[in-house]
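Order of the sequence lines fixes the chain letters, A, B, ..., with proteins taken first and strands second; residue numbering starts at 1 for each chain.
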Amino acid sequence: MNTPHPEPETLAELADTPDQTDVSAGIPAAVSDHVASCQQCSREVAAMRRVRKTLQSLPPVAMPDDVTARIESALGAEIDTARIERQAGVAVSVLPARPDHQQRFSGRRFAHFPAAAAIALLVVVIVGTGIAAIVTTGGGEKKASTNASAAMAGGNAVVLTSGHDYDKTTIRNQVAALVLNHVPDSAQLYKGLAPLAGGRATSAGGSSASPEFNAPAASASAAAPAAPTAGNASAGAPNGTAASRFGASVTAPTAPSGPLATNAALQACIVALVGRSVTPVLVDYAIYEGQPATIIVLTDPTIPNTLDLYVEWYTADCVKDGDVSFFATLPVS
Amino acid sequence: MRSAAAKLRGVDGAAEFDDAALLRRHIEGDPQAFTEIFRRHRDHLWAVALRTLCDADEAADAVQDALISAMRHADSFRGDALVSTWLHRIVVNACLDRLRRRASRPTVALPDDDHAPAVVRDEVAERELATDVHAALATLPIEQRAAIVLVDIEGYPVDDVAAMLDVPSGTVKSRCARGRAKLAPLLAHLNSAPKDGPAGNPGTVGSVESPMTHQREDLR
């Protein structure tokens, strides 16, 4: 045989061609003729075919569960790091407003947060599991309790119907005061809230003497009584009634109400937001920017020494769509 | 309540967002989007890494490093290829970097038993087949190995692999051809083994006379 042996690439192409006489395969006739007459090249082509067949016969492999868990954890930690970096130096993170005044918050971003980092507080406008009993406290606020009580991990949460009409510029101060006035041992646990709470001259109820804004108070029971109201406070407005930006006046809830009134709904919302069951520090069924809303404070599982605040209008649906009307962070230490 | 991941996947598991949309959501701050991309492609990425590196621990490290890098630099994705191609490219590069770093100590670590491929038919035979193939793959130059894994084992089209490896399609074909030629003698014993029995003795890898009696010197 006088023709040279084809290069491996050519033999490989021949091996990939079922019918070596198929001219459409682009194999030159000279090559086909050579291989047909060359025992050596024929063996090579056959061997290549066997190699491909062997390689293709390998069973599929699936990523082991432990590797999957490890990588998902690493990705979650990377997300956490990026989030912390974004928030560094930013005291409040206000989500961009949507035209319909509902901001869609991807609250499920917390789903991967490692539990080990749980030091901070989350203030959420929707809460709901494990609360004590309704107790009238100062400032016309009512400390409510749900029937689920201590079911939430970590103990009870304080549930209020403060009657406040929060607005986005002062809600941090107001919530800081609420926590200090109503959450046991909060003055020691969340020292960083005192300047925030004390810096506000007037309360949501319109009274500078309101205990929420004369923090710190050791506990809810230490709060000075104030005139209980059927109409509670709004910022600069009569308690319990707020002039809605949409026209009609809105009466502040006097009991847990709205889509997150039940422990089950509140818990579902929290799980949707943070990916797991977390006992909120405080929940307030009140008014935010003229609309009934639930405010939830939770211990942030990822950012130490930070209080996070979520507000959920009754018209939003954190469980289904992850809607959150407002989100902010507050320093705890 | 649907979980976040379920929501991203859509109702009944149907894809509500394609990979590109998920990547955009990730860039915009959706914390679940990139994890969903990972879940979609993890098995393929794992297979490529495991078979390229022939070491389960290194494969896990490589995939993790690659995905973290991809997550951080997601905004560098230009959209001129599929997200899956882009991810494979990053994983393959991570694997090749690791192979190059350990090139001075060319010991071959076979896959851990814990991470052996899941098998459903003949567990013993398939494990031995995988072990033999991995041992044979480990003898190939790393570029040939990557091409063989992607084209012959994982079944990706040559053009896609060319994009993953950032080389012309002809180069992929050449690497595959030369790789197959080298593998042929190393895997010949597998073809003579009974189909319903063990695939062969790993100790015989490389000891079977090659049918390639006139192999050219590999230049790549």
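A distance of 4.5 Å separates CG of Leu75(A) from CD1 of Ile68(B), quoted to the nearest 0.5 Å. Between the NZ atom in Lys53(A) and the CG atom in Asp152(B) there is a gap of 14.5 Å [rounded to 0.5 Å]. Interatomic distance, CE of Met63(A) versus CG of Leu45(B), reported as 6.5 Å (0.5 Å rounding). Taken from CG in Leu137(B) to CG in Leu58(A), the straight-line distance is 8.0 Å, to the nearest 0.5 Å. If you take CG on Leu187(B) and CZ on Arg52(A), they are separated by 13.5 Å, rounding to the nearest 0.5 Å. Note: Thr68(A) OG1 to Phe38(B) CZ = 5.0 Å, rounded to the nearest 0.5 Å.
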Original post:
What's the verdict on side-chain contact (heavy atoms from CB on, under 4.5 Å) for Glu154(B) and Gln56(A), showing C-alpha distance, side-chain angles and the deciding distance?
Top reply: CA-CA 8 Å; Glu154(B) 297 306 316; Gln56(A) 291 166 349; over 6 Å; no
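Side chains of Leu55(A) and Leu183(B) form a contact here, defined as non-hydrogen atoms less than 4.5 Å apart. Between Asp43(B) and Val61(A) there is no side-chain heavy-atom pair separated by less than 4.5 Å. Using a 4.5 Å heavy-atom threshold, the side chains of Thr54(A) and Leu129(B) count as touching.
Both the backbone and the side chain of Asp61(B) come within less than 4.5 Å of a heavy atom of chain A. Both the backbone and the side chain of Val151(B) come within contact range of chain A, judged by heavy atoms closer than 4.5 Å.
Summarising the local packing, CG of Asp65(A) is surrounded by 12 or fewer heavy atoms from other residues, nucleotides or ligands at distances under 6.0 Å. Residue His44(B) places its NE2 atom among 12 or fewer non-hydrogen atoms of other residues, nucleotides or ligands, all under 6.0 Å distant.
Across every non-hydrogen atom of Met48(A) and Ala177(B), the tightest pair is CE-O, 3.5 Å.
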